[in-house]
Amino acid sequence: LALLVARVFTRRDGLSQGIGASLDLVVSGAFEAGLLQPADALRAAARQSRTPGQSARGWALVRGLLLAAPVLIVLTALLTLADLAFNQAVLDVLRAFGLDDLALLTVRGIFAALAAWAALGLLTLALRPRSAPAAATTPQASIGGWRFLGFTEAGVVLGSVNALFLAFGAVQAHYLFGGVANITALGYTYADYARRGFGELVLVALIVLALGLALQATTRRVGRPAILGFRALILLLVLQTGVLLASAFTRMQLYEEAYGFTQLRVSVQVFMIWLAVLLVLYGLMVAIDRPHLIALGGLVSALGFIATLDVINLDGLIARENIARDIVQSSNAIDVPRRYDGDLDYVYVLSLSDDAVPALVALLEHPEADVRNAAEVELSVRYQSLAGLHDKHGWWGWNWGRQAAILALALHGGLDDPSRP
């Protein structure tokens, strides 16, 4: 009915149409009022806000706050998932302002935004005759190509995210970097901190990188103060994102200390290192004003990540670290604190690829008989399989991992006989 009434203002014969024609007016009006007219009205408001004076600066500030709000909501949600202490701090602040029911507030905010958009579209549709020339045809919006944001809007977004990261860093400095005693200060267990956070923090770092690139491509920077101010805010954001990555890396180390090494955990650690390298490269490109080189930095970081996994021998590293720690803690459990749950998961370790075999032979000297017997059976089967592959494929099936595994097992003669004493 609202759409039909809005159409009456633009078509005098709106009420004299039949049912089919009225429905057509409603459907076309829904498209215009829902998409075209609100966007046109907002563009007109943006053009008016470019007039000099206090009004233009106020509109720029409002636009910056509107742009910063969804970014802050997403980043705050991820950071609260990543850190229990920060989550509690955010809840305390929201509770103090009576805003602790985020789910309800989010639903109300979305409904209010949709209702405001629909109202703007209906009013614009009703008050602007269709025959009137469209004011949006001027080339005013193409100023600076894709750079349609002013420094004020970008400054509000970057300043808000920097403030959020500063608050998160303050919590992290006390509870995470201060040691295990501070982790349990609010009643959280060591396992609570070891299990969570690193994935969310890595995602935050990726979002920040994308945000910086987007703002660089869309922000007009006219004058030396705007250029230097924008550059300083981006560099500060990169620096604080590096602190977030350091927190994520520390959490992963805590997780590995508690529960051992796996392929996923070590791969995530290597990924964090090369993401930090990419952030450093991005910071340098911002400093020299060459943001287009970020594609080259991304290529270097991606190749470095893959090459690092090859060089460190991922499975060999996992087997070596897990076995060495377990042997030390099994033979000297009094002097070495055992902070991880349960014993060595030797079933997982023995399932690793041939790259891990040179490290797996250490299980033949394990203090526990069950582990030694399982290792003897598995390595005997592995030795027979490797020898069969070598005889079957010849030199064209050769690779260094299999050759190192065969040499390591050959040094332990008789492994091909699982029944040896």
Side-chain angles (χ1 to χ4, degrees), residues 64-95 97 99-110 113 154 156-177 183 186 188-189 191-215 233-234 236-255 264-265 267-280 282-283 298 301:
L65 291 173
L66 291 175
L67 290 172
V71 176
L72 288 177
I73 290 173
V74 172
L75 293 178
T76 303
L78 288 172
L79 293 177
T80 53
L81 290 174
D83 188 89
L84 292 169
F86 185 74
N87 178 57
Q88 186 61 48
V90 170
L91 289 178
D92 291 341
V93 172
L94 293 176
R95 194 175 292 113
F97 290 94
L99 304 174
D100 49 322
D101 195 344
L102 286 178
L104 180 60
L105 289 174
T106 301
V107 172
R108 288 178 174 176
I110 293 174
V156 170
V157 175
L158 292 174
S160 302
V161 177
N162 274 310
L164 174 64
F165 284 4
L166 184 63
F168 183 79
V171 174
Q172 290 288 287
H174 179 67
Y175 292 105
L176 184 60
F177 299 121
I183 289 177
L186 290 181
Y188 305 129
T189 66
D192 289 333
Y193 261 85
R195 283 192 180 99
R196 61 189 292 168
F198 39 83
E200 289 85 352
L201 294 178
V202 171
L203 181 57
V204 166
L206 292 173
I207 292 175
V208 166
L209 183 60
L211 176 66
L213 291 172
L215 289 177
L233 287 172
I234 288 286
L236 179 60
L237 188 60
V238 170
L239 179 63
Q240 294 202 90
T241 306
V243 176
L244 292 183
L245 277 180
S247 173
F249 194 86
T250 303
R251 289 171 182 272
M252 182 59 77
Q253 285 185 315
L254 292 175
Y255 194 75
L264 179 60
R265 296 166 196 169
S267 299
V268 168
Q269 275 191 302
V270 176
F271 179 79
M272 290 183 202
I273 293 172
W274 283 102
L275 181 57
V277 171
L278 180 59
L279 283 172
V280 171
Y282 174 62
S301 299

What is the minimum heavy-atom distance between [X] and [Y], and which atoms define it?
{"X": "Leu78", "Y": "Glu200", "result": "O-CB, 3.5 Å"}
{"X": "Gly298", "Y": "Leu278", "result": "N-CD1, 3.6 Å"}
{"X": "Gly212", "Y": "Ile234", "result": "CA-CD1, 4.0 Å"}
{"X": "Gly64", "Y": "Val157", "result": "O-CG2, 3.7 Å"}
{"X": "Leu237", "Y": "Leu158", "result": "CD2-CD2, 3.8 Å"}
{"X": "Phe86", "Y": "Ala167", "result": "CE1-C, 4.1 Å"}

Discussion item. Using a 6.0 Å cut-off, check whether atom CZ of Arg95 has over 12 heavy atoms from anything other than its own residue.
Written reply: yes
Discussion item. Main chain of Ala77, side chain of Thr80: is a donor-acceptor contact present, judged purely on distance under 3.5 Å?
Written reply: yes
Taking C-beta and beyond as the side chain, do [X] and [Y] meet within less than 4.5 Å on heavy atoms?
{"X": "Leu75", "Y": "Phe165", "answer": "yes"}
{"X": "Val243", "Y": "Phe168", "answer": "no"}
{"X": "Leu244", "Y": "Val208", "answer": "no"}
{"X": "Val90", "Y": "Leu79", "answer": "no"}
{"X": "Leu72", "Y": "Leu164", "answer": "yes"}

[X] [atom1] to [Y] [atom2] distance, which is reported to the nearest 0.5 Å:
{"X": "Tyr282", "Y": "Leu275", "atom1": "OH", "atom2": "CG", "answer": "13.0 Å"}
{"X": "Met272", "Y": "Thr250", "atom1": "CE", "atom2": "OG1", "answer": "9.0 Å"}
{"X": "Thr76", "Y": "Leu81", "atom1": "OG1", "atom2": "CG", "answer": "11.0 Å"}

